Amino acid sequence: MPRYELEVVERQEPKPDHVELLLDAPSLAAALTPGQFAHVWTPGRLRRPISFSRATPDGRVGLLFRVVGSGTRWLADRRVGDRLDVLAPLGHGFPTPETGPVLLVGGGVGIPPLFVAAQRWAATHPLSVILGARTADAVVMVADFQALGLEPSISTDDGSLGELGRVTSPLTRWLARNDGGQVLACGPTPMLAAVAELVGDGRPCWLAYEQRMGCGVGACLACVVPGVGTDGQPEWLRVCHDGPVFSSRRLWWARRPEEA
Amino acid sequence: MPRYELEVVERQEPKPDHVELLLDAPSLAAALTPGQFAHVWTPGRLRRPISFSRATPDGRVGLLFRVVGSGTRWLADRRVGDRLDVLAPLGHGFPTPETGPVLLVGGGVGIPPLFVAAQRWAATHPLSVILGARTADAVVMVADFQALGLEPSISTDDGSLGELGRVTSPLTRWLARNDGGQVLACGPTPMLAAVAELVGDGRPCWLAYEQRMGCGVGACLACVVPGVGTDGQPEWLRVCHDGPVFSSRRLWWARRPEEA
Amino acid sequence: MDLATRVGAVRLANPVLAASGTFGFGPEYDGLVDVAQLGGVAVKGIAPVPWRGNVPPRVWETPSGLLNSIGLQNPGVERFLAEDLPYLRDRGATVVVNIIGRTRAEYAAVARRLDGELGVHALELNISCPNVKEGGIQFGHDPAEAAAVTRAVKGATTLPVWVKLSPNTHDLPGMAQAVAAAGADALSAINTLVGMAIDVEHRRPALGGVTGGLSGPAIRPIAVRAVWEVSQAVDIPVVGMGGIETATDVLEFLLAGASAVMVGTATFSQPGAMIRIIQEMPTVLARYGFDSVRAAIGAAHPGRLTT
Amino acid sequence: MDLATRVGAVRLANPVLAASGTFGFGPEYDGLVDVAQLGGVAVKGIAPVPWRGNVPPRVWETPSGLLNSIGLQNPGVERFLAEDLPYLRDRGATVVVNIIGRTRAEYAAVARRLDGELGVHALELNISCPNVKEGGIQFGHDPAEAAAVTRAVKGATTLPVWVKLSPNTHDLPGMAQAVAAAGADALSAINTLVGMAIDVEHRRPALGGVTGGLSGPAIRPIAVRAVWEVSQAVDIPVVGMGGIETATDVLEFLLAGASAVMVGTATFSQPGAMIRIIQEMPTVLARYGFDSVRAAIGAAHPGRLTT
Ligand SMILES: Cc1cc2nc3c(=O)[nH]c(=O)nc-3n(C[C@H](O)[C@H](O)[C@H](O)COP(=O)(O)OP(=O)(O)OC[C@H]3O[C@@H](n4cnc5c(N)ncnc54)[C@H](O)[C@@H]3O)c2cc1C
Ligand SMILES: Cc1cc2nc3c(=O)[nH]c(=O)nc-3n(C[C@H](O)[C@H](O)[C@H](O)COP(=O)(O)OP(=O)(O)OC[C@H]3O[C@@H](n4cnc5c(N)ncnc54)[C@H](O)[C@@H]3O)c2cc1C
Ligand SMILES: Cc1cc2nc3c(=O)[nH]c(=O)nc-3n(C[C@H](O)[C@H](O)[C@H](O)COP(=O)(O)O)c2cc1C
Ligand SMILES: Cc1cc2nc3c(=O)[nH]c(=O)nc-3n(C[C@H](O)[C@H](O)[C@H](O)COP(=O)(O)O)c2cc1C
Ligand code: FES
Ligand code: FES
């Protein structure tokens with residue numbers, strides 16, 4: 001995986017405490033698989049993994065993040081003209097869906113990688129979008145989906161935007177309405193576990209996971225999540241290298257949502 | 001000793017790798033004893049001790065330093081309008097000289113505190129000034145002394161400015177020409193030892209010392225130099241609190257220049 | 001917000017004490033730190049007689065850390081009582097006297113001399129200073145020796161005795177249990193780690209004493225681990241220290257099991273650090289759902305995970 | 001400028017090796033680091049059979065440091081030989097295989113299996129990983145045990161054996177002498193220190209494994225001290241590591257007595273750190289008056305002060 005020093009060409013604050021940096025990176029924009037991420041240099045011992053939030057035809061890629069600690073705060077202070085040192089594109093993204101309806105389920109800062117999926121497959125697949133978060137202030141990229149002609153179903157824990165409740169309600173409705181199809185999801189682990197449980201084994205279900213990372217490239221074995229080995233026994237999967245996108249069949253928590 | 005947050009009101013680069021910051025600090029400018037220093041906050045665990053280089057009638061004090069490492073590099077990056085967090089004024093400076101001729105001997109970044117002495121006593125005492133350094137690029141504040149009507153004798157190790165050689169030659173001449181009088185010196189330890197040896201016990205000789213510091217206020221016992229106790233035995237003196245200016249009679253190295 | 005805490009019998013208005021060796025005897029920070037506002041002050045290690053300490057240079061900065069080789073220079077107990085203690089006593093500071101010695105008998109002698117002195121609230125046995133070659137150091141990693149010196153001191157004084165542990169050992173819980181069994185009233189953890197730097201330009205050790213003690217945020221993970229381990233190994237209270245710079249750092253030590261903390265190196269850079277931390281404690285405790293210092297003590301321990 | 005150095009019989013083109021556990025087996029950094037340009041690569045600790053390691057989270061940042069509790073997850077020696085070694089061998093890397101075991105016999109088994117394998121240049125005995133509760137760790141601070149495992153491994157292989165020391169002990173020179181007497185060809189110093197952090201927000205240890213190993217610049221003073229001490233205690237070469245990020249840091253270790261160094265944590269933030277360091281070594285050596293790496297080795301030691 002190459003290392004880039006990418007110029008910040010645009011900076012947005014789509015929501016309070018959320019920043020999106022657009023980077024000039026034609027080769028990345030062309031090569032990106034939805035769900036892949038960048039390992040971004042920030043001061044300190046470790047880089048920070050951030051999923052790509054968009055890839056534009058004019059050769060830009062986006063990183064959209066919520067400010068939660070020292071690294072994202074430093075990133076939020078970057079300005080147009082600054083350069084970011086990134087390792088990218090990292091990991092395995094969502095596989096190209098088979099023909100048929102595709103549902104994208106995004107929670108909070110899990111939404112951005114699904115927008116890349118929407119950009120990639122809006123023209124070729126019938127896409128539905130469910131977005132959720134704790135509160136309206138954390139539901140990002142709604143207008144972006146709309147610009148693609150998609151109308152996301154939104155739910156928030158506090159009802160401040162869309163439906164009151166979790167993404168599971170609109171998901172249940174979608175599953176009832178669609179016989180086949182497939183589900184692509186990204187968000188907090190409990191959400192992913194709930195999605196996997198509802199979707200069940202009948203349809204392909206792809207989940208993009210998060211885990212604290214060291215190297216970001218598969219070398220240090222820091223970023224493991226429990227998977228289900230071929231023998232049914234638990235085995236570690238590296239989010240950075242084997243993921244971040246996994247089939248729900250391979251993930252321990254997706255099989256045992258009560259443990260998530 | 002109080003802590004101040006002082007605004008940088010002027011920034012000079014008098015010589016390559018030398019920066020002088022002028023700070024707005026009326027109460028300090030009025031209270032300062034020549035030879036006192038500021039313990040200046042820089043990033044990291046320790047502050048940096050820097051002698052005051054001037055105190056102006058309009059309420060400014062100066063810090064003139066050579067860029068030698070991380071702390072002075074950070075300080076050199078300060079700009080007009082930035083604020084410095086300083087503990088000051090610290091330590092004991094030069095005592096007011098008795099009447100009679102006074103010689104100021106400064107080496108390199110040991111020159112600045114002697115300029116404060118010149119400012120203070122030019123009107124009341126017959127002052128002579130000897131400045132030395134390895135090279136012309138390290139002889140600072142010559143014009144400042146001249147502006148007080150003083151004409152420093154300058155010597156450099158490489159002869160690039162003034163006389164070729166050490167400050168010891170002009171010092172020897174001054175001692176030969178002046179029967180009494182007193183000597184105030186600041187510079188590297190070997191220079192101070194040489195000055196003390198030449199001056200001998202016949203006249204008061206005050207030396208401003210350097211030592212790595214922790215607290216800067218006498219609490220940690222980091223900044224010791226060997227002194228001569230009342231019993232003639234060695235005892236530690238704290239440069240920050242007992243000094244930085246000591247009588248040559250109290251200093252071990254001044255008594256035993258061969259050990260310096 | 002209730003900031004009060006106790007270390008055994010010693011009641012503290014708040015959990016933030018000045019760490020030994022970094023705050024002198026108080027007057028050095030006059031005008032910057034009001035000693036009465038602190039949880040307490042641990043003074044520089046005191047021996048029966050004055051010690052000279054090591055040759056300079058005595059400090060050197062490292063990444064997020066500080067090396068020192070003061071070498072326990074101190075005025076001796078008599079001069080301490082005559083010249084240094086009055087300042088702290090007059091201002092109503094809670095005073096912990098850090099004591100050092102080259103032999104068990106020397107420790108006991110200092111403890112005996114301090115017994116009953118007005119204004120001394122506890123003794124802190126420094127059996128762990130890495131800068132003394134003779135005596136002191138071997139107590140720090142030999143449980144039997146540590147227990148013996150603890151017993152000797154307990155026998156010489158009625159003051160509460162805190163034993164300050166060295167992290168330069170692999171068996172802190174064993175050390176903790178040994179000194180607790182010998183009668184220690186509390187533990188202090190940790191003293192500095194033995195470290196060293198080379199002055200590359202001059203091709204020689206950066207410190208006059210060659211090796212020195214490493215303090216500062218660099219060692220905080222070692223200190224938190226030490227507090228975590230020893231607070232589970234013994235029933236006596238633990239005073240935690242090592243790299244504390246903020247109120248959140250204090251909370252980390254409380255959660256790990258400390259009943260109080262000390263702040264050392266941070267004072268050099270920010271003399272007001274302790275006062276600022278004390279002022280910020282209420283906000284930080286509240287932010288993380290605690291209504292008192294005591295509620296936070298040990299709250300990260302397994303049995304208390306549901307707190 | 002001559003960057004070549006030797007660790008006993010192992011000749012290295014330059015003194016900078018990748019530290020075990022931080023560089024995987026090489027292909028992970030394909031395109032970023034050409035393994036043939038490195039002094040060598042120490043691969044992740046290898047056991048006789050695969051190990052699972054600890055539960056996540058497995059890393060946590062601290063001031064100038066990194067805590068990890070990987071727990072020695074590894075593919076076992078057979079899969080290592082079949083799947084991992086070929087990449088390094090094919091590119092001509094100098095390979096040091098870090099080996100781990102729960103018993104002396106397990107260490108010896110890995111050593112025996114690797115003996116004679118093309119592309120393996122040395123073994124590095126990790127007797128010091130703080131993340132394994134059974135076995136491994138007690139070797140790390142018991143000189144007799146460390147010597148016994150060293151002897152067992154030496155008896156099982158003709159490869160040079162480097163013993164990697166734990167800093168979590170008070171008597172490194174003693175450990176060094178014990179393993180040297182048992183036949184170690186070199187020492188590696190240091191492994192990580194046992195540390196811990198609390199996730200204040202969640203009131204629990206930040207690492208799944210509770211405690212972890214502290215690495216990075218925070219521990220550099222401990223590492224330099226360790227190299228200084230052990231290089232004076234034994235006659236075998238020392239490979240130094242702990243917090244190296246720049247060519248000047250490398251020089252500090254050389255001056256302290258290291259014959260070569262390893263770079264670990266720095267690679268996470270800057271994958272190209274090792275290559276950059278190697279490129280900068282000539283300039284840095286020249287700046288401080290050295291005309292080769294070998295001239296700098298131990299140059300800060302007392303007997304060599306006049307160099
Ligand atoms: C594959 C992947 C993709 C991600 N994509 C996005 C994204 O598109 N937008 C976004 O806002 N966030 C994303 N995250 C989470 C993001 O990495 C963290 O919010 C960020 O690392 C926090 O860093 P910090 O220094 O601000 O916080 P701190 O809490 O100070 O970080 C401390 C350490 O914990 C790690 N860490 C903290 N939170 C997380 C987390 N949730 N996941 C993994 N590591 C964490 C940090 O990387 C750092 O090493 C992603 C995480 C992963 C693993
Ligand atoms: C009382 C006193 C007054 C001084 N006045 C001046 C002055 O007016 N102008 C000036 O240029 N310099 C002066 N110095 C020296 C100045 O303090 C150092 O140059 C400065 O601390 C170097 O910091 P650094 O981070 O740039 O260098 P580094 O070498 O990176 O510093 C590392 C550590 O060593 C200490 N250190 C390095 N050199 C010295 C030194 N010569 N003396 C004491 N500590 C040192 C630093 O404070 C720091 O803790 C004075 C020193 C003392 C003790
Ligand atoms: C300069 C200095 C001097 C110290 N002197 C002593 C001492 O005399 N006795 C003692 O027990 N600890 C001494 N310590 C250790 C501190 O009390 C404290 O345990 C250690 O520095 C860790 O805390 P910190 O990281 O907040 O500094 C000293 C530390 C420093 C930095
Ligand atoms: C994530 C990680 C994994 C490690 N795994 C091993 C290991 O398997 N075997 C070993 O001997 N050391 C291991 N180490 C220790 C390093 O090899 C090295 O000794 C230590 O990190 C100090 O060097 P550094 O500060 O440059 O990282 C590991 C270190 C880290 C950070
Ligand atoms: S972060 Fe190192 S293996 Fe995934
Ligand atoms: S620097 Fe602390 S006593 Fe002088």
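In what follows, every chain begins at residue 1, and chains take the letters A, B, ... in the order their sequences are listed. Just so we're clear, the structure is a prediction, and the values are computed from it rather than from any experiment.
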Legend entry - chain D contacts, top residue of C:Ile219, C:Leu255, C:Leu254 (heavy-atom pairs, under 4.5 Å): C:Leu255
Legend entry - Side chains of C:Leu193 and D:Leu193 in contact at under 4.5 Å (non-hydrogen atoms): yes
Legend entry - Closest-packed option against chain C by number of heavy-atom pairs under 4.5 Å, given D:Asp199, D:Ile198, D:Thr169, D:Leu251: D:Ile198
Legend entry - Max heavy-atom pair count under 4.5 Å with chain C, selected residue of D:Ala256, D:Pro217, D:Gly216, D:Gly243: D:Pro217
Legend entry - Those residues of residues 224-231 of chain C, ordered by number, that approach chain D below 4.5 Å (heavy atom to heavy atom): C:Val224, C:Arg225, C:Trp228
Legend entry - Residue pairs involving residues 278-290 of chain C (criterion side chain to side chain donor-acceptor pair (under 3.5 Å); sequence neighbours excluded): none
Inset, instruction - Any pair with a residue in residues 248-261 of chain C that passes side chain to side chain donor-acceptor pair (under 3.5 Å), sequence neighbours left out, goes on the list, sorted by first then second residue, please. - result: C:Arg220-C:Asp249, C:Thr246-C:Asp249
Inset, instruction - Locate the shortest heavy-atom distance separating D:Ala218 from C:Leu214; write the atom from each residue and the value. - result: O-CD2, 3.8 Å
Inset, instruction - Sort by residue number and list every member of residues 58-67 of chain D having a non-hydrogen atom under 4.5 Å from chain C. - result: D:Thr62, D:Pro63, D:Ser64, D:Leu67
